[in-house]
Structure formats: structure tokens, C-alpha cells
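Structure, as C-alpha cells:
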Amino acid sequence: MRRLAQGLCVLAVLASGAARSQGTVPPWAQERAQRWSTYRTDARGQRIWQAVPFARMTQAEQWDQFMQHLKQGGESRRVALAFLGQQTVSVWAEEALKTRDPEVALALYRLGYRQPGADPFAYLGSPDRVERPWTHGLGLHLDRTGWRFQWIPSPALFTQSGTAGLPKGLGQAAQPGVLIHLKQLRPGLEKLVALSGGGSPDPRGVLQALAQGSRAGFAVRHLEPWLKQASPALEPLANREAWVLHYGTTRDGAGGIQGTLVFIPGDLPARTQLMMALLRLNPLSAGARTRVEKWTGPGASTEVQQLRGSGGVFHLIQMAEGTWISDREAPLRALLFPGPVPTLGERQEWTRVALSAMAADTELSFWLAPRIGADATFENQALRRRLANSQQGTWPNPFVAKAAPRTGAMAVALGAGPTEKLVEAILRVDDARDLPTPQYPVFTNGGQALTPEQRKGIKDADVRAEEALRQRTALRQDAAALQACLDLRGAALLWNGWVSAPPLGPKEKASLVELAKLRREDPWRAMQLQQEGKVSAFGGFGEPGMAPSLALAIPVQPARRVQAENLLKKVLPRLFQGQNQKQALGAAELHRILTAQAFRPAWTLVADTLVLGTDEAAVKAVAAGLLGQAPTLADTDSRAWARMEVDGARASAELENLLLAFLRSRTGSGWWIGEAGSQDESAAELAMSLGPFLGALKALGPVRLEWNWTAGGLEGRPR
């Protein structure tokens, strides 16, 4: 009777929720739910092979569909959440949270759900754990005094919260891959084109690709003619504020949206409206052409103006908040007829941080947003920290600046506070899965049907599996003990380009030929072999012999110096295969693991500072700074949390090589940039997303930057 009463209560809740949901479930969710179907069973328990559509399902069957699609993820999950949002939250929240999906937790928070217990918002996750990925966005801002850089990390590293918000109307657009704010439309576009290589006489390189318009969409490909030859219809918009939302190439999870939207807040100028009216009256007039077309979507229809000019066809619609212009239909349709793709309004915490970096004198802002593969993790943790009023303190550490020599392409010295959390996250072991152990097949009856030799083979495999587990456990214990010896209240980093690769032998050259063949026949298998290290020619990141010359310096607790040294001698040879070598380095010793590849890890302990590097040259450069034999960042006074010295031209070129190698070596979608099918597409994708950052870095030349934590994350200013 108790179960019957509970079942009746659930049905009553479903019935009342269904009655309420008729006019509140978004049209796109209702449309997609009509594609769902189920099967019933007869009185004998046998399936009736006749599909039952969603509209003819019982309330209990619809409920089962919601729960099933909630576990599938992607578009199905968002459809299920749209329907469940009209039900009593407490009925389905516990079951939904079993999916451990950030979007589910965010939806429950917006529905006002409070979990039973002392911590009602525990389902949002930990407020202090630094989750991967650590980077959630990059920003580039042009002020009157010059360029300013912005890094949006995990909310666990934030030191304060901002109050910035999106302008009214912008939140209904789908989340873009690139977001740009122009204080004035035409001058801002001219700066953007010039920054990305538009004024360069050199036709080569990825910076020029943006100006050529391969992937830049509306901002360059279609409006560049307008920058050179004024259009009478668009000329009054030249000095208006504008937002540019770029969606890049088509990617999974992006709803098939490709193109660029421009949002101009406020009413259109009277001259533009008059010009369009005259064009409609006289379609044979010279210049642009315009027409009105009716678009229909889920639950609505609207009229859109199409303006054909020298740069292509612009789709334009005027709304109460402002005017939208798009170079393709998909972005504007996603705005007018919302679907399952997350909108900017659903990423309020991220936009609050991003827009907090804009100042009153900022002429141009360019943000790279993690649209591809991004979820609500950032939103949940930012909300959790705000609810708990959690703040991360920061302190400069001038002493660690001695470990940042000014002799490379880039040197950085970080202060205390967020550094501790970040280094701990880098050293943290997240994959706690058990190693596979051999099992007897079922048909062998516990091994009784096997020959003695076969049973011995399985027992030997058991012994090897146990030994591998023992070695892994011991290695993790030693790594944890080594981490306990470190003083994480500061760190220094040196990057000096790339290590020269050893010449390829016949075996390595043959492996490259086989890899090229496999990439054409089975790209996924080729990527898997490369990631597993089974391509002998690859000695580094993504191309043969490409390994960075990188060194990281972290202070060691003085009382644990000897323990740290012994642990390093024990741990590193077990991590890397090669010949262990050492040599004198002043009063210290330099240890190196000689491999057959360009990556040759090295380390030393100098003045209670551990220096780890990918090659001995980088380690020696840091050691020279610690020993007073080379200029370092400590030579200049600074009260900033972090200081950096960078050779802009060199660092830009080296980063371009790194990112191109990364793109060309992948066939799966990435966090930001995603899949690239050819070298030309790789260059174009890089230009669209990171071209402005590389261009600004190149234009700076040799420069010192000071980094401080603000409401916009970590901001760097040239000094």
C-alpha cells in the first residue's frame, strides 16, 4: 500500500506538471521530443514491435523517456531538461544528479533546487578544486596605452568577483568561439585586420591568413570591401558600438552553426532606414540590393531583410535591443529560433569575468571562448564560490624571480596563492582506474579446461599485473612524498624555443611513411598510435623531433632538500627510459636522461630550488640565473604578483610552430580549435582563433609584462 501511495503521488505530480508544461516547454524541445518513440509489451511480457510516438505515450512512458535521454548527454539531455524543468524538481533531481553532468547541476540551480543536508548546493561541486582544463578563455584588449592580455582560468584560482554583464539582447545569441567588442565599428575592424597581418607585405604565415579571410567570416571576408569602399547603406554605422560573434567552422556540439553575427545596440540610423526603403522602391538602382524574406522556425516566424552588396549577402533584422547583421543564415536563425545549443545568457559567470576586463578607454576587446567541448563546469564552480563567498589570496614572491633568466624567448616568475593550487593540480593524479588483470574465460570452467601450459601463462600474467600495480603504487607514493618536499609559494618558468632533433634513421623515416599512409586510410588509428608513442619517428609534441626547451623552477623546503634529491634520483629514471648521466654544475650536479629523441629530461638542485627541464640547456640557463651568472627578472623592481619578460617576435613565431604542429597532429575535436583536415585548414583555424594574440605579441617586441589578479582573471600589462 505504501508503494501504491508513492506511485499515485508521482503520477499526480506528473499530471500536474504535464498540465503546466503545455505552454512553457520551448518549441525546439517539443519538436525534437516528437522524434522519440518507445515499445510496449503485451500481457505475456513479449514486446509489441510497433513504435509508440511521444505524443501517444502515457505519462509514465514519457517519464521513462526523460530519464533515458537525460543519461545520453548532448542534445537529448537538453531536451529532457527542458521538459523536466516544468515538473516538481525534488521528484527527479536525485536521479538526474547521478549523471554527474555539469549542465544538469546548473539547470537544477536555476530551478532553485536545494539538496537535503547541511550543504544545500553541494551538487554544484567543489569550490576549490582546480579541474581540467585550467584555461577557460583568453582576452586581448587595446587601450589607449597599448595592448593588455587576459587569462580566464579555473574559478578556483580567482581572487575577486566582478559585476560586469552582457548588454541587453546579446544573451540570446548562441555561445560563440570568438567574441569581439568594438567601441567603434569601422576603426575597430581596421585595427583588427592590421593586427592580424592585414598590413604586412609578407604573404606567408598564419597571421596573413586572417586578413585573407579563410576563416575570419564576416569580420574580414565580407566587411573588408566596406573598409576600402564605403557602402551608402552601412556608412552611418561606421562609428557605432558593435559586438562581433564568430562561430568558426562547423563542429560537433555546435549545432551546425557557422558564420559571424554582428550586434549593434540601439536603433538603426535614420539614413540607413531611408536608404533601404528607397532600394525596395527601386530595385534597379545602383549599389546594394535588398529584399524581405520570411523565415520560419520552431513555434515562430519572422521577416528578415537581406542586403546584397559587394561583400556578399547580409541578413539583417531589427529588434528592440538593437540590430543584428549576419553573413550566413545559421547564426541568425539560431538567434531567432533558439535550439539546444547553449546561449551566451547561459554562461553568465563566464561573461561576467570576461567583460570585467574592459575599461572605459578600451577600444577593442577580443575574447577566445571555449565553445568547442565546453560545458557548465565553469559556471557551477563560479556560482559555488560566490555562494560560499570564497576568495583566493595572492602575494608576490620576489625571491623566485632569481630563477627566471632573461636569456630565453620567455621568462615568467609567479607569486604565491593561486600558484600553489595550480602546481598541485598539475602534479595531481586524476586517473585512479585499476590496472587490468587477466581473467579466465567463462568456457574454461575456472581454468579447469586449460592445459598446464595455458594455466601457467595466465598465472605468469597475474604475477606481472600484480608487479605493475605494486610499481605504480610505489611510484605514486614517491611522487606524493616529493611534492610534500616542495615549497609551492612561487614558481619560475623559462621557455627558449625548440630542441634540435637528432637525425632520423632508416627505421624512423619508414615509420613516417607508414604513418602518412595510415592517416589517409584510418585517421583515428593513426592518431591513436601517435598518442600511444608507437611512432618511432616522433620525438616530441607533434612533429619529428619537436620538443620544447622548457624549464620549471620550484623552491624546496630547506629541511627536506636531501630527501627531495634522493626521491628525484629514484623517481625520474622510472618515468623515462634512457641512459642516466650526470655532470658537475658549479657546486651542484646536473642529471640528464639521454634518450634517442629530442626530449631529454634533466634536473638539478641549486640554492634550495628544484629545476626540472625538457633538456639540459634550459636547466643550465635557469641554474645560471640562480648562481648569479646571468641577468634575471629579479634585476628589476616590481610589486606585481607575476612578472614576465618576452621577446615578442621570437615567442610569436615559436608559438605559431607549436600550435600548427598541434593542429596538424590531431584529427579529433579539441577544446578550442578542434579538428583540422589539412595544413591550410590548420593555418586558417589558428589565424581565426589565436591570430590576434600572436599578432599583438609580435608587435610588442622585447618587453616586460606585469601580471595581476583582477575581477577579469589574470591581466598582463606591458611596462
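Counting begins at 1 with the first residue of the sequence.
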Ring centers of [X], [Y] separated by less than 6.0 Å:
| X | Y | answer |
| --- | --- | --- |
| Trp367 | His141 | yes |
| Trp641 | Trp707 | no |
| Phe693 | Phe366 | yes |

Greater than 12 external heavy atoms within 6.0 Å of [X]'s [atom1]:
| X | atom1 | answer |
| --- | --- | --- |
| Lys582 | NZ | no |
| Arg704 | CZ | yes |
| Lys402 | NZ | no |

With side-chain contact (heavy atoms from CB on, under 4.5 Å) as the test, would you mind laying out the steps for Met410 and Glu645 before giving the verdict? CA-CA 6 Å; Met410 182 183 299; Glu645 185 161 298; over 6 Å; no
For Arg428, which residues count as a side chain to side chain contact (heavy atoms under 4.5 Å, CB included) partner, sequence neighbours excluded?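 For Arg428 the side chain to side chain contact (heavy atoms under 4.5 Å, CB included) partners, ignoring immediate neighbours, are Arg129, Glu131, Arg132, Ala425, Asp430.
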Applying side-chain hydrogen bond (donor to acceptor under 3.5 Å, both in side chains), run through Asn496 and Arg650 and close with a yes or a no. CA-CA 9 Å; Asn496 197 28; Arg650 181 182 174 192; 2.8 Å; yes
Can you tell me how far CD of Gln160 sits from CD of Gln392, rounded to the nearest 0.5 angstrom?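 Result: 12.5 Å between the selected atoms.
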If I take atom CG from residue Leu157 and atom OG1 from residue Thr419, how far apart are they, to the nearest 0.5 angstrom?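 Taking CG in Leu157 and OG1 in Thr419, the distance rounds to 8.5 Å.
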Test salt bridge (charged side-chain N to carboxylate O under 4.0 Å, His left out) applied to Asp478 and Arg574, step by step: CA-CA 11 Å; Asp478 290 340; Arg574 289 153 63 188; 2.9 Å; yes
Start with the C-alpha gap between Arg600 and Asp615, add the side-chain angles, then the distance that decides, and say whether salt bridge (charged side-chain N to carboxylate O under 4.0 Å, His left out) holds. CA-CA 5 Å; Arg600 297 174 177 179; Asp615 73 314; over 6 Å; no
Qualifying residue, where the test is side chain to side chain contact (heavy atoms under 4.5 Å, CB included) with Thr604 and the options are Val611, Leu568, Thr609: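 One option only clears the test, and that one is Val611.
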Any side-chain heavy atom of Leu633 sitting closer than 4.5 Å to one from Arg406?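 Leu633 vs Arg406: side chains touch.
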Side-chain contact test, heavy atoms from C-beta onward, threshold under 4.5 Å: evaluate it for Ser549 versus Trp498 and give yes or no.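 Not in contact.
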With Trp603, which residues qualify under ring pair (Phe, Tyr, Trp, His ring centres under 6.0 Å), at least two apart?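 Ring pair (Phe, Tyr, Trp, His ring centres under 6.0 Å) list for Trp603, sorted by chain: His591.
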What's the verdict on side-chain hydrogen bond (donor to acceptor under 3.5 Å, both in side chains) for Thr377 and Asp375, showing C-alpha distance, side-chain angles and the deciding distance? CA-CA 6 Å; Thr377 301; Asp375 55 27; 2.7 Å; yes
Arg470 with Glu467: basic N within carboxylate O range, under 4.0 Å: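 Answer for the salt bridge query: yes.
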For Glu706, is there an ion pair with Arg717 - N to carboxylate O distance below 4.0 angstrom?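 So Arg717 does not pair with Glu706 through a salt bridge.
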side-chain contact (heavy atoms from CB on, under 4.5 Å) between Leu585 and Lys620, intermediate numbers included: CA-CA 8 Å; Leu585 187 65; Lys620 286 181 177 179; 4.3 Å; yes
What heavy-atom pair brings Asp128 and Ala156 nearest, and what distance separates the two atoms?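 Heavy atoms of Asp128 and Ala156 come nearest at O-CB, 3.5 Å.
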